[in-house]
Each structure stands twice: as C-alpha cells, then as structure tokens.
Amino acid sequence: MRSFTFSCELPNGVHARPAGHVETLCNQYLSNIEWQNERTGLSGNAKSVLSLIGTDTLLGDTCMITIDGEDEETALEALQSFITNEFPHCDSPLEKTQANEEQQPLPRNLSNLTKSAIRATSVSSGVGRGVVVKVGAINFDQLPYLPEIRALEEEKSELKSGLAQLSKTIEVQANTSVDTESEVLAAHLSILKDESFAQQLNTNLVEGRSCAQAVVATAKHYAEQLQKSSSQYLRERELDIRDVCFQLLQTIYGDEHYTSQLALTEPSICMAEDLTPSQFLELDKALLKGLVLTHGGSTSHTVILARSFGIPTVVGMKDGVLEASIGQEVYLDANLGAIVTDLKEPVVRYYEQENRIISTVRERQAAFKDTQGMTHDGKKLEVAANIAHSVEAKSAFESGAEAIGLFRTEMLYMDRKSAPKEDELYNIFCQALDAASGRAIIVRTIDIGGDKPVDYLNIPKENNPFLGYRAVRIYEEFIDLFKTQLRAILRASAHGPLKIMIPMISSMEEILWVKDILAEVRQELRKEQVPFDEKIPLGIMMEVPSVAFIIDQCCEEVDFFSIGSNDLTQYLMAVDRDNAKVTKHYNSLNPAFLRTLDHVVNEVHRHGKWIGLCGELGAKGSVLPLLVGLGLDEISMSAPSIAATKERISKLDSRECRQLLNKAMQCRTPLEVEHLLAQFRLAQTEAPLISEDCIKLDLDLRSKEEVIKTLADNLFLTGRCRYPNKLADDLWAREDVFSTGLGFGFAIPHTKSEHIEQSAVSVCRLAKPIQWGDEEAQFVIMLTLNKHAAGDQHMKIFSKLARKIMHAEFRDALFNAQSSSEIEQKLMTELEL
Ligand code: PEP
Ligand code: MG
C-alpha cells in the first residue's frame, strides 16, 4: 500500500470537472485508490466522480491518496506527478454573475411607481411578463408510485436495463444538442456511468430494497452528502443527481407513474425551489417568460441553460415571498433583479416603454446587419466575427458578420479526453462553411499552451507559459495533431472559401517549416485524390513583435496577416495579459503600440497583401477611429458587437481618422492618446444643445416619472447618454430638493451630470397636463448638462428660461407651435444658444 499527502489548490474545490480528471487517471490502474480529506474526515473512491465530490474537498484542504494493488508503484508515480503539475490547473474560473456584487437600488422612475418590487439576484438578464406558476421540486418522500419488491435477480435486471436504456437516451439527446445543453447531458451521462453511483444502487438492492426504493435511497444518500458541503457550487450539483434518479424511475416504470407535470398553458414565470436541468428542458420555451428559483445558485446547470436560452432568471428569493402571487401576472425584471407583482397601469406603461427602447435599439442595429462596413466617406472596412465553434457561425452571420475573421480552433480540443479526429474536424469546418454561404472563414490552427491547457497532451507546467511552449511551437512534437487538422481544413476547403492562419509565429524558420508541412499534407491529399482548394490562402497572426521587423520578408512567404492585439500588446509591452498586478501597463493605446501597428499595416499594403485585426481591441468603440485611421482591411470581433461597430464606422471619416492616428502616434503617453480620443469623440458627435430629435410633441404621458423616463431614454437613443436610468436618478435628486414646476403649465427639470455625454435641452409637450409637484405641467423643458461643461451654463439657461416663461407671448408660441422645428427655432433665438 502506498500513499501521499497534498494540499488542494483548486479555488472552487473538487467539483465535477476536476473530479473527472482524477477519475479518468485513476481508472487507468487496477489498484484501489482512495481519497481522504483530513478536514472533513470523509473519504471516497478516487475512481468515481461522485465519490470524490462527496469528500467535500475545498481550497486549502489537506488530503491523502492511498493506493493499494498490484500496479500501486506506477499509479503512485503518475498520480503524484498529476497532483503536482496538472491538478492545480484543471479547472477554469466559474462564471461571475451579479450574485457576488452589491445590489443597486431600483431606478427612481420605477421605484416611484411601485412599492411591490421583490428583489432577488439576477443570473440571466432580460425582462419577462407572465403568470406565476409553481413548478414542484421532485420530492422523493412523496412519490406517487412505489411498486412492491420482487425477487432480487428480477430487480437487478430491471435496474441494469433501466440504466442502459437511460444512458442510450441521454447519449442520443447529447448527439443532437449543442453547447450548454450537450455539456449538461454529458454531465448526467457521467453520473449514470459513475462507479460509486452504480455501487450505491446495488448495495441498496442487496439490502432488500426494490429497484424504485434503491433509486430513491441513492438519491437521498447523495443529497445528504452534497448538502453538507461548505461549497455552494458542490451543493448545487445535488440537483443533477436528483434529476438523473427521477429520469431513471421514469425509464424503468414509465412516465405515467412519474409525470413531471410541466406543461405550460400561457406565458409563465416559473417559480421553483429548484428545478432540475431536465425539468427546465421540458418547459415550453415559447411560454416560459422567466424563472424564479429560491435555492438555485448562479452556477447550477439549470441556470447555465437558462442563460443559453435567454430566459430572464433570478435566484435567491426568500421562501414563500412569491407564494401570494401564484396564478397572477407579474413582471420579472432580471436586468434590475426584481419581480414586480403589482401590474397597475403605470407599471405596465413603464415596461411597455422599456420594451419599445429595446426593440428600437434592435431594429436600428438590424439595419446594419446586411450592410458592408464602410466609413462615411466610402472607405471599406470589413467587419467579421470571432468564433470558437461552427455552431456559432450561423448566429454570427445573422448578427451581420461579413466573414469569420478568426475561428479559434483550440476550443475544439479542450475539455475532452482526446483530440478530435479528422472527420469530426472536417464536419465542423463544413458546418461553418454551410452557415457562411460563400463568405470567407479564417481558420486558425490550434493555439494550445499558454492560458489554454489541454490535459491529454500532458504539456508540463511552465513558469512563463505565455513565453513558452505554445501554439506553433508545439506542432513539431504533436505533428500528427497538426497534420490531422491541416488535412481536415484542406478537405473542407473543397466546399467553400477557407483560409489557414498560424498563431504565434515569431520567425521566418517557423513560416518555412509550416509551409513544408502544408506542402506535404497537400501532396498526400493529391495522391489520395481527395479534392481541396489548391489556392487556399495561408496567413499568420501578427502577435509577436519580432514579426513586425521582418514583415517585408513575411509578405514574400504568406498571403495575409491578422493582428492579435491581445498578445501583441502583451509581448510588445512585456506585460502578462492575465496578471492583475500589471494591468495598468497593458494598454493598447500606448504610442509605441500604435506606431508598431502603423508600420505593419503600411508594409503589408506596400507589398500588396491583406491585413486584419482580431484581438479584443476591434470591438472597442472608443478606439475605432484609430483602427479606421490605420487603414486595416478587416476587423474581427465577437458577434454581439458587430452591428454597433458597423454603425459607428458609418459615422467616421477615414481622412479625419488618419489625421487622428498621426496625432496619436506623436503623443507621449497612453493618457494623452485617451484625451485625444475623447476630444475627437466630442467633436464628432458635437450635437447642438437643442435639436429636433430631442423635441417630442403632444405625447400621451401621464406622470412626472413617464416624462423623465421618456426624455432620458430619448437621450440614450440619440447617442447623448449611455445610462438613462442613472441620468434620470440625477434629475430626481434635484426634484427631491425642490420640484421644478414653474407655474403657467411649465416645468424645467435639470441636472449637471456625469451621465450625459452631450449636453442637451429636451422638450416634451404633453397632450394633457399632469401633476408636477404642487403645480400642473403640460410643457416640460429638460436641461441635462455635461458635468464638465463650461461653468454655470446650466444655471444661466435655467434662469433665462424661467424669466421668459413669465411672458405670455413666449408661452403661447411654444404651446401653439405646429412643429418641433418651430420650437427649436424659438428656443434657440430666445435663449441665444
Ligand atoms: C490575440 O492575441 O489578440 C488573439 C486574437 O488571439 P488569442 O486571444 O486567442 O490569443
Ligand atoms: Mg493570440
């Protein structure tokens, strides 16, 4: 018997994913392997994920692994090396949600209208309206059907075929589903195949229980074990076990005995103590408008699924608070983390306005979906998408992508036990080409290593992974992997325009070596008479600075380049892109970085070649003028930013952008560049203080809240303000001190706020007067001045307006104006703007 002790370094403890790695490794040996946690005193079978999870191992726990059996020596060696080198890195950080952040108060425009908002933690954004429906949790103490016990052998065979059948069903489901859903199904499959799960079921049978009783006892056993865990993440895994056990009962005894009764009949907000992933999948998504979970946390599989289906979801609501609303309609506002139970008219009108804004923004951006990226003066700049799997391609093109500028293929190799085979890759590339309908796709060969580990390649831990064994540098050792990928890309290139791009190139030798290998693979395919695109372009990532200095020579060898601004910044500035301590040095606005980009783009174009940019910088609206100034051929980004980027490009002038870049390159610090960009933005969007698009005539608005919301939202839509709720709150802060009704039917709400980027005078003439503090108002003139705007401009306009309003002629002219332009003219002259 051999053993060793170590301390657990995983931030989230041993949950399913790291436990899966341990299980896989231990199952390669015949010896019994036990994992004992000293803190909890719990021990478990290291060949079983469930058993490992059951040890409740958290960060910092001291654990002992004991190995007993004929191959204990080799197992010990492998395990010790695994625990030291790989185990600490075999988990990725959990998704951060609002759960950990402090909850913001509701915006005043809403909180003034209702006191019936119940707060909860938002875990999936959006707003939904529906009837509250309670979805029962599976209660193993009150099962409707528990058959009599039969002979042990009969029960055993029933269980065996039930397990096999359910595994098959889930496997089929997993093969036909994508993304999150398939990951959840894979997790369920691993529970079904878990050694300790099978053992528990079996022990329960042998102890004299029926199959159904054994399933129930097993579910309870794990529930008890996991609920004791000090980690919320581990407690949330209990739901998955309950889910699998209930499905097992359904499989063995039929749905008629174990119905889940989840049929929705109208738009619904489903409330549940907790909901298993399968229960969630069963709900009709057309009718499911929101989810309220009492116990669910931000990382449960159900919540992860809700996010991927875009269902607004909140968690952590206190027990019983929503019971009184069952059967009633409510709004679930997961943007604000609130359930609004009183659907009085003002609340309904508030949400109708919210929905109008959301649709207006969507429609406006939709107008750019099918357009080419082009500046105001007609210079083209292709806007493409970054994807990591072919299933993203369809929605990327639907979001307006003109091409795929970066297909990060390493994701296809991660989180699995072995590398994908050639056919699997070929099918994935064909699937992406199918979605592209003739548009180009740049496939980047694997960029494994650095921050993207792949366990089965067993690349040892390094001190400086970003400067180490990464991307093209590993291809020689894993030549079959590289060649397989090239073969798959080449084969798929027969079906549409694919391009090959190599990451992390830093020298000419690497380019030449890659070209040789590519030539070999092409020759092989020719020999096998497999068709491919003989002219398939080969490009490289421009992300290691050395390439910038041999870019002329590179142009002779490759067809195109794409700037990896994430890595180029880190390598040029010598700042680790993941190290929080040095983030202030990680700045792509550094003039040194801008000069490098300019040099590279000029050289590439001088040689008649093509160059794009695919790092995070591409989606940064504030930096876009500099990228336009560079004269890039393409920028590639994540799909949701595409339409907004095209809209921004359409407002820019390429010549002005070039001048801006020239100035930026002369700056001495990134801060100077930032100021330059801020000035440019102001000058670009320089909107007059008063303009027709901020004047709304004869609106049917019924309260001060509605007026302030409508005008603040309008400033958002006209691009003058980014956070309308915050601007409105600033206006309310002033109203709290004194109401701004001036008599004669006029009100002048006003603020000097950091939340307005372009100062504005907004006007709203109402169809009917409304109450404004102690006064009535029908004509509202709202002043929102930028906090940094000149001196006391805001008070000057206010007092001038107040004086003018004393005059009947001024008031009548505004009340009787036939159009917004008449009002605009009148205010401009009278206020001398
Ligand atoms: C980059 O470095 O900018 C890039 C796009 O590649 P990755 O982020 O995948 O390293
Ligand atoms: Mg990179």
Side-chain angles (χ1 to χ4, degrees), residues 98-99 101-134 267-271 289-294 312-358 700-713 723-741 747 749 751 755 770-777 780:
Q98 196 202 319
E101 290 160 24
E102 217 173 286
Q103 200 155 46
Q104 299 282 326
L106 290 180
R108 287 288 301 275
N109 282 331
L110 177 62
S111 64
N112 284 3
L113 303 180
T114 176
K115 296 287 166 248
S116 79
I118 304 166
R119 302 306 299 271
T121 305
S122 172
V123 287
S124 169
S125 59
V127 177
R129 174 179 169 163
V131 170
V132 177
V133 175
K134 185 160 183 173
S268 307
I269 303 290
C270 284
M271 171 179 96
K289 300 298 171 194
L291 266 186
V292 180
L293 303 174
T294 339
T313 302
V314 294
V315 299
M317 225 194 34
K318 291 200 192 87
D319 276 338
V321 182
L322 202 53
E323 295 287 324
S325 304
I326 292 176
Q328 286 173 17
E329 253 194 315
V330 299
Y331 277 105
L332 170 61
D333 186 337
N335 296 337
L336 299 175
I339 299 130
V340 181
T341 54
D342 94 47
L343 264 63
K344 287 202 297 262
E345 206 194 349
V347 172
V348 173
R349 288 171 60 86
Y350 173 94
Y351 279 110
E352 280 171 356
Q353 160 83 355
E354 277 290 285
N355 288 334
R356 269 196 297 274
I357 302 294
I358 294 169
D700 168 28
L701 299 179
R702 308 193 184 157
S703 66
K704 198 168 171 176
E705 285 76 13
E706 285 192 6
V707 172
I708 291 181
K709 177 165 173 57
T710 304
L711 291 182
D713 286 349
Y723 305 105
N725 280 341
K726 291 185 177 163
L727 179 66
D729 282 354
D730 285 350
L731 286 156
W732 276 108
R734 173 67 62 153
E735 294 295 320
D736 289 342
V737 181
F738 64 90
S739 182
T740 53
T751 183
H755 298 299
I770 56 165
Q771 201 62 38
W772 198 280
D774 299 334
E775 306 277 346
E776 277 208 331
V780 181

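A quick note: this is a predicted structure, and the numbers were derived from the prediction, not measured.
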Open item on the list: Evaluate Met271 against Leu332 for side chain to side chain contact (heavy atoms under 4.5 Å, CB included), listing each step before the verdict.
Closed with: CA-CA 11 Å; Met271 171 179 96; Leu332 170 61; over 6 Å; no

TODO: To the nearest 0.5 angstrom, please state how far the OG1 atom of Thr710 sits from the CG atom of Asn109.
DONE: 8.5 Å

Open item on the list: Measuring only between side-chain heavy atoms, which start at C-beta, is Ser739 closer than 4.5 Å to Lys704?
Closed with: yes

- [ ] Write down the atom of Val330, the atom of Ser325, and the distance for their closest heavy-atom approach.
- [x] CG1-CB, 4.3 Å

Task: Test item: Thr341 side-chain N/O and Ser116 main-chain N/O as donor-acceptor pair under 3.5 Å - done: yes

Task: Closest non-hydrogen atom pair, Arg119 against Gln104 - done: NH2-O, 3.0 Å

Open item on the list: I'd like to know whether CG of Asp774 has more than 12 heavy-atom contacts from other residues, nucleotides or ligands below 6.0 angstrom.
Closed with: no

- [ ] Might you point out which heavy atoms bring Val314 and Gly337 nearest each other, and give the distance in Å?
- [x] CG1-CA, 4.3 Å

Open item on the list: Would Leu343 and Arg129 count as a side chain to side chain contact (heavy atoms under 4.5 Å, CB included) here? Give the steps.
Closed with: CA-CA 10 Å; Leu343 264 63; Arg129 174 179 169 163; 3.7 Å; yes

Open item on the list: Just verifying a value: how many Å separate Tyr351 OH and Asn355 CG, rounded to the nearest 0.5 Å?
Closed with: 9.5 Å

Task: Stepwise side chain to side chain contact (heavy atoms under 4.5 Å, CB included) test for Trp772 and Val707 - done: CA-CA 10 Å; Trp772 198 280; Val707 172; 4.0 Å; yes

Task: Heavy-atom side-chain proximity of Lys344 to Leu113 below 4.5 angstrom - done: no

Open item on the list: Any side-chain to backbone donor/acceptor pair from Ser122 onto Ala334? Under 3.5 Å, distance only.
Closed with: yes

Task: N-O pairing of Glu705 and Arg108 below 4.0 Å - done: no

- [ ] Check whether any side-chain N or O of Glu352 sits under 3.5 Å from a backbone N or O of Glu354 as a donor-acceptor pair, and report yes or no.
- [x] no

Open item on the list: In the structure I gave you, are the side-chain heavy atoms of Ser111 and Trp732 within less than 4.5 Å of one another anywhere?
Closed with: no

Task: Spacing of Ser703 atom OG and Asn112 atom CG [to the nearest 0.5 Å] - done: 8.5 Å

Open item on the list: Rounded at 0.5 Å granularity, tell me how far CG in Leu701 sits from CZ in Arg349.
Closed with: 6.5 Å

TODO: Determine the minimum heavy-atom distance between Leu731 and Pro749, stating which atoms define it.
DONE: CD2-C, 4.0 Å

Open item on the list: Please give me the minimum heavy-atom distance between Ser125 and Asn335, naming the atom from each residue.
Closed with: CB-OD1, 3.4 Å

- [ ] Would you name the heavy atoms of Met317 and Thr294 that are closest together and state the gap between them?
- [x] O-CG2, 2.8 Å

- [ ] To the nearest 0.5 angstrom, please state how far the CG atom of Asp730 sits from the CD1 atom of Ile708.
- [x] 11.0 Å

- [ ] Kindly determine whether Arg356 and Gln353 satisfy side chain to side chain contact (heavy atoms under 4.5 Å, CB included), including the steps that lead there.
- [x] CA-CA 5 Å; Arg356 269 196 297 274; Gln353 160 83 355; 3.2 Å; yes

Task: Arg702 side chain to Ile770 backbone, donor-acceptor under 3.5 Å - done: no

- [ ] Look up atom CD in Glu706 and atom CG in Asp713, then write down how far apart they are to the nearest 0.5 Å.
- [x] 11.5 Å

TODO: Check for a donor-acceptor pair, side chain of Gln328 on one end and backbone N or O of Val132 on the other, with a separation under 3.5 Å.
DONE: no

